[in-house]
Amino acid sequence: MSSLDRQQKQAERRIAIQRQMDLMEQAALGRNIPDILDGNGESTTDNKESARRFLDDSSGDSSPNGSSNGTPPGGGPSKVNGEGGGGFLGLLQKSFYHRKNDQEFDTMRQTNIAPRSGGFSGGGSSMNNMNTMNTMNSVQADPKRRKRCLFILASVCLTAILVPTVGGKWSEHRTKKHREKENVTIIPQDMAARRLAIQDTIIKMGLSDPDQLLRPDTAPYQALDWVAIHDKAQLPVHDSFLPHRFALATLYFSTHGDLMFAPVPDDGTADIPELSNGEGDVRDEADEKDEEEAIIAADDFSLEPDWLKEDNWLSAKGICTWYGISCHHRQGTPADQVHFDDNWGISILNLTENNVRGTIPPELLLVLSDEIRAIDLSGNGIWGDLPLELGELDTIEGLYLDENFIGGTMPGVELAKMTKLQNLYLAKNILTGPMPSQLSELANLKGLTLHDNQLTGTLPTEIGSMPQLELMYLDLNLMTGTIPTEYGSFPAIHDLRLRNNYFGGTIPKEFGNAVTMETLYLDNNELVGTLPTELSKLKYLDELHVYKNGLTGTLPTEYGLLKKLHHIYMDSNGFIGTIPKEWGNIKDLQQLYLYKNKLTGFLPTELGLMKDLYNFRIQSNRISGSIPTEIGNNFKLQSLYLHENSLTGTVPTELSELSRLVKFNIHGNDITGSVPEEVCDLRKKKLELFVSDCDERVRQVQCECCTSCHAD
């Protein structure tokens, strides 16, 4: 090989390397790789292709199909012998590969390997070769450019090292974030095995639906996660109280977070027959106040998303220290020691008025089925239907779920299985459907409250045979039909409330057989007929409510025998006749409401014998005669409503003895004359309302102390 050929070969190799560096520089700067310039500064694809072929030939590894270094035909990527494929990384790897193998170039030079046909210039002319040598010399003569290229190479190498590392960390970070977003937890292998073992135990015990245990959005799944992984107590898998912690955790998770929300009735209350408070009736005012407080409570309730108290719940401490839980007595300890740091059988679960919102999980009822004595979740935001698993509570004596949002029908068959149940409180919910007759099978039941619901249908006659039933509240529902005569057979009833329904028919005279009766609410119905005299046998009767019905006839004189009677509400009916003087024997009577009837005759003087009477309302009748002076003996009177009758005469001076009187109304009568000064002095005490016919247009009554004057 001549000296000229060797120089040409060296020049071609150096130019190829230099152009390789140019390409890497352009790629590092984020630019498109330009066509390589020939020695004259003109773009030529032939030069670029010649350089690629030259580098491929220099590696000494040509493939049989004409592509170098394992590169497929068409210039696809190659990863043979550790080299990269096409593109920038391929150029980088080839650059490093050839820079490390300069000896190979020297060998090629010494063995007179000629360049491929066409060389870099396409024609291989000596003029182009000379231009190439000039370009190479200019590159070697520019040290700044060489340093810049070396700097770019170092940067690219550093990037090649850091990108996989940093990229891997970033990928791991993104994966972690994704898992957190999707609530995916990486569980250590031993914990995963523990979780699976507990899950199998729960399924074998029949405590939970297997599908629920596999869904992360359910309370059983979350409870299983907690008891298996996050519970610091870490009870052994087969510990007899591990199911207790699981069941309580299920209750916790079902009443926290998204699981606690459910649709609430439009106004937060059940449909209730409208009550009017005509004449300022304190009974109806109390009803309306209860309704307003219920609505306000429902509004306030939504402001508190979590339990008000949850001390020690989901902690490592024993469940007998968790708020609201009382455990069974342990042998050898004081009888009243029901709270201690241990896991033991649960006797009472009491979370009343604790802002517990959500559903009652069946897991809780199944675990506590053979040990719980009382569950009190009243005054909360429990919703959903009554769980059928209530029928598994063999030992329960008290179930208090009143003042919640429990709906659906009552599962009579399941409720009847709670044979030891003594108190069933389901009032102030949104229960629908009929009252189950199966409740009569609860032989030990003493208290049954179903008021303030949306129950329909008729009263089951079987209920009348319940031997120990002491109180039954069915008021404020939508029930119809008549009152069964069997309800007179209650041997132990004390308090029966059927008010605010749509019951028709007459009041059964058989009620006279319920000799233990103390409270009887039959008001706000559609009852007709007369008051049965047999009620006079109820010697323990304290309250008798029959107002706002369609009752007629006279007031039974026999009721004067009811010596323990404190409250008589018979207003808003169609009673006729006089007020029996025998009623004066009811000396402990405190409230007597007879207004809005058709009563006639005089006010009996015997009314003055009622020393405890504080509310006497006889307005809107046809009472005549004068105001008895004996009323001045009713020292405890606070309200005396005599208006809209046919009373005559003057205001008795004796009324000045009523020092506690707050409201006094006599307008709409034929009373005349001046109000005694002594009576006016009551305005200096407690008298706030005094109404008479003292309007200037008529001046029927001369009253200087009246608060309001009418012209009737």
Side-chain angles (χ1 to χ4, degrees), residues 198 201-202 204-208 220 223 226-227 231-255 307 309-354 356 360-380 382 387 389-402 414-415 417-425 442-447 468:
I198 296 176
T201 300
I202 291 172
K204 289 178 181 178
M205 294 178 66
L207 298 181
S208 189
W226 175 79
V227 77
D231 183 5
K232 295 181 180 179
Q234 289 295 290
L235 297 185
V237 171
H238 298 292
D239 190 287
S240 58
F241 291 106
L242 186 66
H244 289 66
R245 297 178 75 87
F246 165 74
L248 292 172
T250 305
L251 171 63
Y252 184 89
F253 287 116
S254 67
T255 54
W307 293 7
K309 294 183 179 179
E310 50 185 54
D311 299 349
N312 295 331
W313 277 75
L314 302 194
S315 71
K317 292 188 175 182
I319 58 177
C320 298
T321 66
W322 293 11
Y323 174 79
I325 292 179
S326 299
C327 290
H328 285 283
H329 169 251
R330 295 181 298 179
Q331 188 173 5
T333 62
D336 60 348
Q337 190 180 80
V338 293
H339 304 288
F340 44 86
D341 190 5
D342 200 354
N343 298 299
W344 201 250
I346 299 176
S347 173
I348 298 174
L349 175 61
N350 183 5
L351 296 174
T352 180
E353 297 183 357
N354 198 42
V356 179
I360 302 174
E363 291 82 358
L364 177 71
L365 305 176
L366 293 173
V367 167
L368 303 182
S369 61
D370 59 351
E371 61 188 56
I372 193 71
R373 289 179 52 209
I375 295 177
D376 191 345
L377 297 175
S378 60
N380 286 292
I382 304 297
E389 288 77 9
L390 287 171
E392 303 295 329
L393 300 178
D394 299 330
T395 59
I396 194 166
E397 299 174 5
L399 180 60
Y400 307 95
L401 301 177
D402 46 311
E414 285 73 19
L415 294 177
K417 295 178 181 179
M418 297 186 287
T419 55
K420 294 186 178 180
L421 192 64
Q422 298 182 17
N423 292 302
L424 177 59
Y425 285 19
L442 298 174
N444 294 305
L445 194 66
K446 296 181 178 180
Q468 298 193 45

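Source: prediction; values computed, not measured.
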Is there a donor-acceptor pair closer than 3.5 Å between any side-chain N or O of [X] and the backbone N or O of [Y]?
| X | Y | answer |
| --- | --- | --- |
| T255 | L251 | yes |
| D231 | W226 | no |
| N343 | I319 | yes |
| H328 | I372 | no |
| S208 | E363 | no |
| H244 | L248 | no |
| N350 | G324 | no |
| N312 | Y323 | no |
| E371 | I346 | yes |
| N380 | L377 | yes |

From K420, R373, K446, residue fulfilling salt bridge (charged side-chain N to carboxylate O under 4.0 Å, His left out) relative to E397: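 Of all the options given, the one that passes is R373.
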Side-chain contact test, heavy atoms from C-beta onward, threshold under 4.5 Å: evaluate it for [X] versus [Y] and give yes or no.
| X | Y | answer |
| --- | --- | --- |
| C327 | S347 | no |
| P243 | L207 | yes |
| T250 | V367 | no |
| E389 | L366 | yes |
| L351 | D376 | no |
| F340 | T321 | no |

Qualifying residue, where the test is side-chain contact (heavy atoms from CB on, under 4.5 Å) with L421 and the options are L399, L415, N444: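 It is L399; the other options fail the test.
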Within this structure, what is the [atom1]-[atom2] distance for the pair [X] and [Y], rounded to the nearest 0.5 Å?
| X | Y | atom1 | atom2 | result |
| --- | --- | --- | --- | --- |
| R245 | Q234 | CZ | CD | 9.5 Å |
| Q422 | L442 | CD | CG | 11.0 Å |
| D402 | N423 | CG | CG | 10.5 Å |
| S369 | M418 | OG | CE | 12.5 Å |
| L368 | T395 | CG | OG1 | 8.5 Å |
| E414 | E392 | CD | CD | 9.0 Å |

Centroid-centroid under 6.0 Å between Y252 and W307 rings: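 Centroid separation for Y252 and W307: below 6.0 Å.
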Atom CZ of R330: over 12 foreign heavy atoms under 6.0 Å: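 Yes - once you tally the heavy atoms of other residues, nucleotides and ligands closer than 6.0 Å, there are more than 12.
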Greater than 12 external heavy atoms within 6.0 Å of W344's CH2: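 Atom CH2 in W344 is not crowded, with 12 or fewer foreign heavy atoms closer than 6.0 Å.
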Intermediate values then yes/no, side-chain contact (heavy atoms from CB on, under 4.5 Å), D394 and T419: CA-CA 7 Å; D394 299 330; T419 55; over 6 Å; no
Evaluation steps, side-chain contact (heavy atoms from CB on, under 4.5 Å), between L365 and I375: CA-CA 10 Å; L365 305 176; I375 295 177; 4.0 Å; yes
Parallel, tilted or perpendicular, as decided by the 30° and 60° cut-offs, for the rings of W322 and W313: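 Geometry flag for W322 against W313: tilted rings.
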Residue pair I198, L242: steps toward the side-chain contact (heavy atoms from CB on, under 4.5 Å) verdict: CA-CA 9 Å; I198 296 176; L242 186 66; 3.8 Å; yes
Audit row: H339, S326, side-chain contact (heavy atoms from CB on, under 4.5 Å) steps and yes/no: CA-CA 6 Å; H339 304 288; S326 299; 3.3 Å; yes
Polar contact flag, side-chain donor to acceptor under 3.5 angstrom, S378-T352: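 On atom types as modelled, these side chains qualify, holding a pair under 3.5 Å.
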